Amino acid sequence: MSSPAVTPRLRFAPSPTGYLHVGGARTALFNWLYARKYGGQFLLRVEDTDKARSTDDSTRAIFEGLAWLGLGWDETVVYQGAKLERHRADAQRLLANGTAYRCFCSQEELAQRRADAEANGESFKYDRRCDRLDPAEIDRRVAAAMPFTVRFRVPEGTTSWEDLVHETIAFPNKDIEDFIVLRTDGTPIYNMAVVSDDIAMGITLVMRGDDHISNTPKQIQLYRALGAELPQFAHLPMIHGLDGKKLSKRHGATAVGDYRHLGILPGAMLNFLALLGWSPGNDIEVMTLEQMIALFDTAGLQKKAAIFDTKKLEWMNGQHLNLVSDEALISLVSPALVAAGLATDAELTDRRAWYLSLLAQLKVRARTVDDIVRQAATYFRDAVAYDADAVAKQWKDRTATATILRGVHDALAALPVWEPAAMEEALRMRAGQLGFAEKAGKIFQPLRVALTGVSASPGIFEVLELLGRDRSLARIEAALALLDEKI
RNA sequence: GGCGGUAUCGUCUAGGGGACUAGGACACGGCCCUCUCAAGGCUGGAACACGGGUUCGAAUCCCGUUACCGCUACCA
């Protein structure tokens, strides 16, 4: 493991042009993990310089997403748009120290030359013509208020760096064109703004998506021209959809908020995301946040893009569902139950012990909070919603079913105490009397449908206990009435 | 097109020259448990992209090919 030499400062720098994407969330997580692990700072910078696409709603959604995941940031949020003066000043420094020059070529001219080059099958690269302008001519144009951009003069040689995930990456400088750092309107181009901000924020490790690899040599040149110390770089692989293409809306849910509403736990989301592009080794998979911090190591970072597999996310969620404390589970499930109109907070508080045992039964059988709510419904409502398939299968012979249920009802009704052991004894005895000695399931299944309306549920005695004596007997009676009228 | 990146089961991955008849997990099949469904346990099928090197020996190192991805804007 390579411990950082200095206190690390990292940042997550999303542009507020949509919701917090799972890819962004994972980038944030790795930055956060690294900062936490080494006692550094994790900063948040909102890259809102694209006024046309940035919205306050998006900014809010990013905050909410990070908050839900529990990825808090240190220091105050930096809004890139507010740092325009510094960006401009840094670009002016480049002009002053001779590492950049004014370019008077218009956007139209450039587009034309680019089109011409492409028409000839050549790749276009700015030919530096404005860098060859006579100083007097430049002065004349500036005096005449001719619009210009500021272009960085890429030097000869090679630009390379030791990437924390890719080892060394090198770009021949001849392949990098003299890129613009300041537009004619004086606003900075992305790479200028990023470098200016990262220097100002004291970032020591830039960890971001590998779609930024080709920006990196430009940024390194900017650091050098500005006389700033270089940070380390780590380029994380992308996350793709099932079809191997970059994750997008076509693939379904891609915003972390979508998963929140699907009943995914933040801890499970984080755990799943962490495993997309990172492995702690030793076949470890299910981890708490604390364990992830302890285990995190850039050496375990993957170079290859990962495919987002919802199935495994759901499995992971099931694992976490069984990992969280009762308190945490309640705070996750209660709002959903209330929202579904099944209970009120007051009822849940009043019947806490009962509620807890219900959750204990359901969480094993659920993969998401939504699953729990769906399964819980029948324990909160008076009426039973009968599943047609379950009825068709388990109540196939209505006369026989009625006989069984009547017998079960009487056995249960005669019980002095409403307690599992007593129920089991009575029911198994009754099964024997009904001719199902070693096949108690023959009476349990019809009973399960009478009690819950479906053929899959917690153990039958747990169901009886959860439902309580009155409701259980009432449901059996209702089932009998239903069977009678159908005969 | 140019430049850059990547390549182990369908998917996430372990692996960093001999421990590999390639391990784990998800998904899928079977068995066990069992009142159903889960959970759990056991188990089956399933991969080193291809071609050259280097080496006594390569999934591991090098080169090439192929495929895929990214960048190639006065977007971020």
Side-chain angles (χ1 to χ4, degrees), chain A residues 13-17 47-50 52-54 80 103 105-107 110-111 114 117-118 121-125 147-151 163 166 169-172 174-177 179-185 187-191 193-194 209-217 235 237-238 240 242 244-246 272 275-286 299-300 302-316 318 322 361-367 371 375 390 394 424 427-428 431 439-445 447-449 452 454-461 463:
Chain A
S15 25
T17 55
E47 307 211 319
D48 56 351
T49 52
D50 184 348
R53 293 195 296 155
S54 301
Q80 191 162 61
C103 173
C105 299
S106 75
Q107 229 167 135
L110 257 12
R114 199 181 329 265
E118 275 165 23
E122 294 158 16
S123 58
F124 176 78
K125 188 180 152 198
F148 63 85
T149 60
V150 174
R151 267 187 200 273
D163 197 275
H166 295 271
I169 298 182
F171 282 79
K174 64 173 175 51
D175 293 326
I176 309 170
E177 84 170 341
F179 55 96
I180 293 173
V181 292
L182 218 53
R183 299 184 181 90
T184 45
D185 68 359
T187 58
I189 275 308
Y190 175 72
N191 284 314
V194 167
D210 67 16
D211 49 341
H212 285 290
I213 285 181
S214 35
N215 280 321
T216 306
H235 287 95
M238 302 275 88
H240 291 168
L242 246 14
K245 299 264 190 284
K246 191 174 166 184
F272 173 72
L275 258 24
L276 246 39
W278 174 66
S279 167
N282 298 116
D283 296 334
I284 297 171
E285 298 219 289
V286 181
Q302 191 79 19
K303 299 182 181 71
K304 183 181 67 163
I307 290 174
F308 194 90
D309 180 8
T310 320
K311 280 280 198 300
K312 188 152 186 175
L313 204 211
E314 286 172 5
W315 166 79
M316 184 64 81
N322 286 298
Q361 287 300 324
L362 301 187
K363 71 176 184 182
V364 199
R365 298 174 167 74
R367 296 208 141 185
D371 283 343
Q375 291 179 48
Q394 306 301 343
E424 177 151 16
L427 254 31
R428 288 200 187 272
K439 296 174 285 187
K442 294 282 187 196
I443 75 170
F444 290 165
Q445 279 305 87
L447 174 58
R448 190 185 313 281
V449 175
T452 66
V454 294
S455 51
S457 79
I460 201 72
F461 309 113
V463 173

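All chains are named by letter (A, B, ...) in the order of the sequence lines, taking the proteins before the strands, and each is independently numbered beginning at 1. Note that the structure is a prediction, hence the values are computed from the model and not measured.
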Any N/O donor-acceptor pair, [X] side-chain to [N] base, under 3.5 Å:
X	N	value
A/Asp283	B/rG23	yes
A/Lys312	B/rA25	yes
A/Thr184	B/rC74	yes
A/Arg448	B/rC37	no

Checklist entry - Quick one: NZ on A/Lys174 to CD1 on A/Ile176, what's the gap to the nearest 0.5 Å? => result 10.0 Å

Checklist entry - Starting at CH2 of A/Trp278 and ending at C1' of B/rA25, how long is that distance when rounded to a whole Å? => result 15 Å

Checklist entry - CD1 of A/Ile169 versus P of B/rG5: gap in Å, rounded? => result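 These atoms are roughly 6 Å apart.
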
Can you tell me the pairing partner of [N] across any strand shown, Watson-Crick or G-U wobble, with both distances under 3.5 angstrom?
N	value
B/rU6	B/rA67
B/rU55	none
B/rA14	none
B/rC20	none
B/rG29	B/rU43
B/rC74	none

Checklist entry - Mind checking the C1' distance from B/rG10 to B/rC48? Whole angstroms is fine. => result 16 Å

Item to check | P atoms of B/rG18 and B/rG30, separation to the nearest Å | outcome: 39 Å

Checklist outcome for this item: Note: A/Gly277 and A/Pro237 closest approach over all heavy atoms is CA-CG, 4.5 Å

Checklist entry - Can you tell me if the side-chain N/O atoms of A/Lys304 get under 4.0 Å from OP1 or OP2 in B/rU8? => result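 True: A/Lys304 side-chain N/O within range (under 4.0 Å) of B/rU8 OP1/OP2.
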
Next on the checklist: B/rA38, OP1 or OP2 - any side-chain N/O from A/Arg367 closer than 4.0 Å?
Outcome noted: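 So the side chain of A/Arg367 is outside the cut-off, no N or O lying under 4.0 Å from OP1 or OP2 of B/rA38.
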
Item to check | A/Trp315 side chain, from C-beta outward: closest of B/rA7, B/rC35, B/rA27 | outcome: B/rA27

Checklist entry - Should A/Arg448 and A/Gln394 count as side-chain neighbours, where that means a heavy-atom distance under 4.5 Å? => result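 A/Arg448 vs A/Gln394: side chains apart.
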
Checklist entry - Which of parallel (below 30°), tilted (30 to 60°) and perpendicular (above 60°) describes A/Phe444 and A/Phe461? => result perpendicular

